[in-house]
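Working notes, structure below.
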Amino acid sequence: MELADRAACTGRSGLNWLLHRAAQKLGAAMQEAAARHDLTARGQLVLTALCAEEDSRRTQLALGQALGLDKTTLTAELDRLERAGLIVREPHPNDRRVRVPVITDRGRSVQDEVAELHQRVEREFTAHLAPQQCRELQATLERLIASCGGPDSGSCL
């Protein structure tokens, strides 16, 4: 690797460094917002996914695959959410050995509140940008992700 290439990767101006630092700062603020409701960022991610798919319930395995979370990590998070009364795990109608996580009314309420906090955090994070710059940033990041090919999957964390 050329010295100039190495400097671009490790320097404070390298794209990887910039994206990573921005994600760290935004992620920390998002985690703080979730923690106000005794949630982790993963817990919020799970509740959001369960809200989005209430009509087509996924098994734990399918949910983990969709969120990019391994079985052990997802199970631990579902255990926490269930103890807090935010979800229940019901038997699958076709295979009673399989569990389907379902969000409760309380879980939906908490998810709505944390989603609102997350929107506020994003607005505060980008407050120094003009609205057009925010739209351009999002569109640019979407194009970069799409241009990499392959499935758009993996953990959001």
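Throughout, numbering of the chain's residues begins at 1 and tracks the sequence. Because the structure is a prediction, the values reported are computed rather than measured.
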Review point. Which is it for Val100 and Gln60 under the side-chain contact (heavy atoms from CB on, under 4.5 Å) test, yes or no, and what are the steps along the way?
Key: CA-CA 6 Å; Val100 177; Gln60 284 184 203; over 6 Å; no
Please identify each residue that fulfils side-chain hydrogen bond (donor to acceptor under 3.5 Å, both in side chains) with [X], with sequence neighbours left out.
{"X": "Gln133", "value": "none"}
{"X": "Thr59", "value": "none"}
{"X": "Arg106", "value": "none"}
{"X": "Arg97", "value": "Asp95"}

Exercise for review: Look at the side chain of Thr48 and the backbone N and O of Gln44, then say whether any donor-acceptor pair between them is shorter than 3.5 Å.
Suggested key: yes
Side chains of [X] and [Y]: donor-acceptor distance under 3.5 Å anywhere?
{"X": "Arg108", "Y": "Gln111", "result": "no"}
{"X": "Arg135", "Y": "Gln132", "result": "yes"}
{"X": "Asp70", "Y": "Thr73", "result": "yes"}

For [X], what residues pass the side chain to side chain contact (heavy atoms under 4.5 Å, CB included) criterion, not counting sequence neighbours?
{"X": "Glu90", "value": "Arg57, Val88, Val102"}
{"X": "Thr140", "value": "Arg143, Leu144"}
{"X": "Gln31", "value": "Ala35, Thr40, Ala41"}

Heavy-atom check, side chain of [X] versus side chain of [Y], under 4.5 Å:
{"X": "Leu63", "Y": "Leu69", "value": "no"}
{"X": "Asp38", "Y": "Val110", "value": "no"}
{"X": "Leu47", "Y": "Ile87", "value": "yes"}

Would you list the atom pairs, donor with acceptor, under 3.5 Å between side chains in residues 113-129 and any protein atom, with sequence neighbours excluded?
residue, atom, partner, partner atom, Å
Glu113, OE1, His37, NE2, 3.4
His118, NE2, Met30, O, 3.0
Thr126, OG1, Glu122, O, 2.9

**Study point:** salt bridge (Lys or Arg N to Asp or Glu O under 4.0 Å) pairs, two or more places apart, involving residues 58-68
**Key:** Glu53-Arg58
Check your understanding: If you round to the nearest 0.5 Å, how far is CD of Gln65 from CG of Leu74?
Key -> 10.5 Å
Check your understanding: Should we say atom CD of Glu136 is surrounded by more than 12 heavy atoms from elsewhere, each under 6.0 Å from it?
Key -> yes
Practice item. Quick one: list whatever passes salt bridge (Lys or Arg N to Asp or Glu O under 4.0 Å) with Arg99, sequence neighbours left out. Key: none
Point to revise | Set of salt bridge (Lys or Arg N to Asp or Glu O under 4.0 Å) partners for Glu82, sequence neighbours left out | key: Arg89
Point to revise | Nearest non-hydrogen partners of Pro101 and Leu50, listed with the distance | key: O-CD2, 3.5 Å
Exercise for review: Please report the shortest heavy-atom distance between Gly85 and Thr104, naming the atom on each side.
Suggested key: O-OG1, 2.7 Å
Check your understanding: If two hydrophobic side chains count as joined below 4.5 Å and joins carry through other members, does Leu61 share a cluster with Leu67?
Key -> no
